[in-house]
Amino acid sequence: MTEYDFEEIETRWQARWAEAGTFEVTENPAHPKYYCLEMLPYPSGDIHVGHVRNYCITDVVARYKRMRGFNVLHPIGWDALGMPAENAAIQRGVHPEKWTRSNIAGMKRQLQRLGFSYPWSREIATCDPEYYRWNQWFFLRMLERGIAYRAKSPVNWCPKCQTVLANEQAEGGECWRCHSTVEQRELEQWFLRITAYQDELLDDMEELGNWPERVLVQQRNWVGRSTGAEVDFPVEGADPIRVFTTRIDTIYGATFMVLAPEHPRVDALVTGIPDEARVREAVARLRSQDRRARQAGQVEKEGVFTGRYAKNPFGGERIPIWVGNFVLMGYGTGAIMAVPGHDQRDFEFARRYGLDVRVVIQPEGAVLDGGTLEAAHAGPGRTVASGEWSGLDSAEAIARMTVFAESKGFGRGTVTYRLRDWLISRQRYWGTPIPVVYCPKDGLQGVPDEKLPVLLPKDAPFTGEGGNPLENVPEFVTAKCPRCGGAARRETDTMDTFVDSSWYFYRYLSPRKADGPFDARSARYWFPIDLYVGGTEHAILHLVYARFWTKVMRDLGLVTLNEPVVRLFPQGMVHKDGQVMSKSRGNTIAPDDVIRRYGADTLRLYILFVAPPEDALEWKEEGIEGAHKFVLRVWRLVDRHATDFASAIRTPIPAELSEPARALRRKVHQTIQRVTSDVEERIHLNTAVAALMELYNKISEVEEAIAEGPERAVLREAIEALVLLMSPFTPHASEEMWERIGRRRFVVDRPWPAADAAVAREESVELAVQVGGKVRARIVVPRDADEHVVRPQALAAVAEHVRGKEIVKFVVVANRLVSVVVR
RNA sequence: GCCGGGGUGGCGAAACUGGCAGACGCCAUGGGCUCAAAAUCCAUUGGGCCGCAAGGCCCGUGCGGGUUCGAAUCCCGCCCCCGGCACCA
């Protein structure tokens, strides 16, 4: 027997594919295209089995589509800017670029060893100046259009590290690196106006029919569109205060008003009231409460009466104005009308401070009373005690009262969103420099296109203290004003790395293009992306940013698409010891060891077989032997027939076949159907692998019976089909086996086997016969036999169970079962 | 609290639109080959019971109800797990 030397076989075929440029593609209008994309990895140091899983899924689909005649683009690159590289510089004195490049080299070797079908000539790294110059170019276009802007905003600031931190880097209110308590600071920062697209981000979801609903739901919540009304409440002795409410129908139940402690009117309102000092102190205390805890509702509701009163614009009633910690300045208008009878938060606040609770909405079939209410009734009902608006259904009341407020000029229907503009400033070295300079004379100036890229200086002091290293590189900071030519200061903020990943999939189309971010004609050919596979954890951030970016590109006239991705497939995460596998958790498993012991084909097969691709997967190696044994078994099967198949001429399949030969052909064509639909429709690669195993089992069952004589052609058909069907999963072994049975040319260039539906169809079927819902017998009948044929046979088979009983009903489910109902 | 997804053998999992629950694989047990072991091949493998045997019976998809000739699948009410969002007015 020829030994299965996977190491030798795999590296040899990898070299042959590379030599032949097998996976290099160009636009070819003669073939339908398929853009198969995976989320590019951050070069943290090692490919781990979480990456492997992601890339195995796309590789199987890419190879399958290729065999189906598609021109397949399946590229890879590196999300190469970001904090870990800079931290390595701080902690170990390695330059971020050096660290990153060496990680990329190592991870690239790992990916190549797995045999993924990448066109390596299209590889990109976002830390390459020829990549990030286009980040800068996009930024300038956005600056011109007012999409990019500078504004003050409260941000997480670490006093020890002297830098702004992203939210996820300040978890629990502590700096992730030095564990100092993070402060809230008002700082001037760069933003992208994603809120200009908030409605489109929601409405264009109609084009995303092939995205999982749960991702769309998450995005919908993230945008958080909420329809309601703004209402101005007149204030005694001051200008009116505007509130936002989704429930204007409850306005007669408003017994007080609450302002956020940060509300700009608070200061003026409390000026001059009798116990001003005490109230100011209370407000200051509320303001200093931990913002995060306040937002999360983990702080008990607290407030203070301002001593001032407002007037309900509907009922005219006088209501006290409070300041409360549960009202947030970042949402709506930062002020609410409090309706304790119909809002749980207002209710809790009212009970604590003994404020009036009034019922103005009565639910169906109940009579609520404000004095005895134990919780707010937040649901719908009929308006009561609401003056001329009483007796209306909630929805109708909302509509009519909004119109009334508008007609009187004290309110209007409005929509609020939870989505905030995207803060892209980072006080970090290893990111894309924001291409602007500040001139004392001309102010903020964008760097002219022809001066791009604004390069990161090679050397900077990586001390981890004293803020952004770029600020301490005088040659970088010193700039010339593009307008007046005078001395100017260069912006030292760099961009959030989510910018890089928002459009990288366009760069793959023309990765070396020097006069633009990508080639528009290539984009017309390849876009939209047909399949995008990546971790569920990116359901919002990355995927919202990417959608936003494409819309901006469309408005810049660069593309004609609304949405870049037709089908999204979020693959389940790989866990280890109950936790998501990731470098930052330090629980990664690299594929190298498994490859050394079993080879890449076994690893690929195993990782796809062990669970459905969308499910979370706990990494264990217990079943890996099974996958390896399967490859070995097929290897030996091929080995037994290789010489013969390679030398003998191909004989046609005889017209008359024995039952075992017919059964095998049936199985072959059923397997083709099954694997095709599992890969194509549901991407259920685990059941596709199971089907391949079943086919092998069937072949080995009848192998001896048909190994000699003319029926050998059936065996040959079966083995060839098996090798071809396996090839997206175990490409190297398949190439090798294909060659050994005397077939020329790459398996990857072969057409996918075609299923013959007539052959696949069963000739006769076994039906279960139920009596009273229990299976009592089995009968064999011709396929699609109707009741005429089935009934006598079925009744004979269950004679002792129906004897002496009346047959009430006789159900035949074709090719499945028979159900006899007796009395 | 709200929104998603899910609970099926010792384990990973199958079961397309209500139609034979447990495909496929792991583990385990028994057997063949071997001086022996590894590898490999064959058989058994949800639980319980009856039978010398061929074979047969009962129970079983988180829990409790329901619809149906028939429910892992549909409906109602619970319990638990995972993911996301969260004083969002």
Side-chain angles (χ1 to χ4, degrees), chain A residues 212-222 224-226 228 243-247 250 258 260 293-301 324-328 330-339 342-346 348-349 378 416-418 536-537 539-540 570 572-573 575 578 580 605-606 609-612 614-618 620-627 629-630 632-633 636 674 677-678 681-682 684 686-697 700 766-778 807-822:
Chain A
E213 184 57 27
R214 73 197 140 89
V215 172
L216 298 181
V217 166
Q218 275 189 49
Q219 294 204 355
R220 228 173 264 132
N221 293 340
W222 184 256
R225 181 159 68 188
S226 160
V243 304
F244 174 75
T245 178
T246 56
R247 293 296 303 274
T250 64
V258 188
R294 262 181 67 200
Q295 264 176 13
Q298 287 155 357
V299 178
E300 209 180 330
K301 287 182 187 51
N325 61 352
F326 71 104
V327 178
L328 305 168
Y331 187 80
T333 62
I336 61 158
M337 63 176 206
V339 185
H342 304 287
D343 182 286
Q344 188 56 27
R345 294 156 300 180
D346 301 348
E348 287 165 25
F349 192 84
T416 61
Y417 298 83
R418 215 191 52 175
T536 334
E537 70 273 22
I540 21 188
M573 287 187 273
H575 294 224
V580 174
L605 192 74
Y606 170 67
F609 175 62
V610 75
E614 68 269 33
D615 284 8
L617 155 60
E618 174 70 26
K620 287 183 200 150
E621 288 180 19
E622 277 158 23
I624 204 155
E625 288 278 355
K629 270 194 247 173
F630 172 67
L632 267 173
R633 277 195 273 252
R636 280 194 297 263
R674 173 94 187 269
S677 71
D678 280 351
E681 287 152 33
R682 297 194 301 162
H684 267 205
N686 56 326
T687 52
V689 174
L692 294 171
M693 290 172 168
E694 283 187 53
L695 175 57
Y696 166 81
N697 291 346
S700 77
E766 192 183 70
L767 301 188
V769 184
Q770 297 184 338
V771 180
K774 292 192 196 306
V775 179
R776 296 299 182 185
R778 284 161 210 288
I807 294 168
V808 182
K809 201 169 178 180
F810 191 89
V811 183
V812 178
V813 182
N815 304 326
R816 295 221 171 248
L817 57 62
V818 170
S819 184
V820 187
V821 188
V822 293

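Chain A is the first sequence line, chain B the second, and so forth, proteins listed ahead of strands; every chain is numbered from 1.
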Spell out, as yes or no, whether a donor-acceptor pair under 3.5 Å connects the side chain of [X] to the backbone of [Y].
X      : Y      : answer
A/D343 : A/D346 : yes
A/D678 : A/N686 : no
A/R816 : A/E766 : no

Could you check which nucleotide pairs with [N] in any of the strands shown, counting Watson-Crick or G-U wobble with both distances under 3.5 Å?
N     : answer
B/A36 : none
B/G83 : B/C3
B/C11 : B/G25

Selection from [options] that lies nearest to any side-chain heavy atom of [X]:
X      : options             : value
A/M693 : B/G25, B/G84, B/A89 : B/G25
A/S819 : B/G19, B/A15, B/A89 : B/G19
A/V327 : B/C57, B/G12, B/A89 : B/A89
A/R633 : B/C41, B/A15, B/A89 : B/C41
A/R345 : B/A13, B/C88, B/C24 : B/C88
A/N686 : B/A23, B/A14, B/G12 : B/A14
A/K629 : B/C24, B/C27, B/C88 : B/C27
A/Q218 : B/G84, B/G12, B/C69 : B/G84
A/R214 : B/G25, B/A89, B/G4  : B/G4
A/V811 : B/G19, B/G25, B/G84 : B/G19

Which comes earlier along RNA chain B counting from the 5' end, the contact point of A/E213 or that of A/A616, where each point is its nearest nucleotide?
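With A/E213 and A/A616 compared, the 5'-side residue is A/E213.
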On RNA chain B, does the nearest nucleotide to A/V818 precede the nearest nucleotide to A/A691 from the 5' side, or the other way round? Give the residue.
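The residue closer to the strand's 5' end, by nearest nucleotide, is A/V818.
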Atom [atom1] of [X] and atom [atom2] of [N]: how far apart are they, to the nearest Å?
X      : N     : atom1 : atom2 : result
A/Y606 : B/C26 : OH    : P     : 11 Å
A/E621 : B/C26 : CD    : C1'   : 13 Å
A/L692 : B/A23 : CG    : C1'   : 14 Å
A/R816 : B/C69 : CZ    : P     : 20 Å
A/R636 : B/C41 : CZ    : P     : 5 Å
A/E694 : B/A13 : CD    : C1'   : 13 Å
A/E348 : B/G1  : CD    : C1'   : 11 Å
A/E625 : B/A39 : CD    : P     : 8 Å

Rounding to an integer number of angstrom, what distance separates [N] and [M] when you compare their [atom1] atoms?
N     : M     : atom1 : result
B/G9  : B/C3  : P     : 29 Å
B/C75 : B/G83 : C1'   : 27 Å
B/C79 : B/C11 : C1'   : 24 Å
B/C88 : B/U73 : P     : 36 Å
B/A38 : B/G22 : C1'   : 32 Å
B/C63 : B/U8  : C1'   : 15 Å
B/C24 : B/C52 : P     : 33 Å
B/U68 : B/A15 : P     : 29 Å

Checking all strands, does [X] fall into the base, sugar-phosphate, or nothing category for heavy-atom contacts under 4.0 angstrom?
X      : result
A/R682 : sugar-phosphate
A/Q770 : base
A/D615 : nothing
A/E537 : nothing
A/D346 : nothing
A/V813 : base
A/R225 : nothing
A/P212 : nothing

Mind telling me whether A/F349 and A/F326 have parallel, tilted or perpendicular rings, with 30° and 60° as the class edges?
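Because their plane-to-plane angle lies in the 30° to 60° range, the rings of A/F326 and A/F349 count as tilted.
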Does [X] place a side-chain N or O at less than 4.0 Å from the phosphate oxygens OP1/OP2 of [N]?
X      : N     : value
A/R418 : B/A89 : no
A/K620 : B/G25 : no
A/N221 : B/C88 : no

In terms of side-chain heavy atoms, does A/S226 have a donor or acceptor partner in A/Y417 at a distance below 3.5 Å?
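Short answer, no.
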Closest non-hydrogen atom pair, A/V808 against A/V822:
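That closest heavy-atom pairing would be CG2-C, 4.1 Å.
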Worked check of side-chain contact (heavy atoms from CB on, under 4.5 Å) between A/T687 and A/R682:
CA-CA 10 Å; A/T687 52; A/R682 297 194 301 162; 4.3 Å; yes
Could you please spell out the steps behind the side-chain contact (heavy atoms from CB on, under 4.5 Å) verdict for A/Y696 and A/L692?
CA-CA 6 Å; A/Y696 166 81; A/L692 294 171; over 6 Å; no
Thinking salt bridges, do A/R214 and A/E614 make one under a 4.0 Å N-O criterion?
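So A/R214 does not pair with A/E614 through a salt bridge.
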Syn versus anti for B/G83, judged by chi lying within 90° of 0?
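Base orientation: anti.
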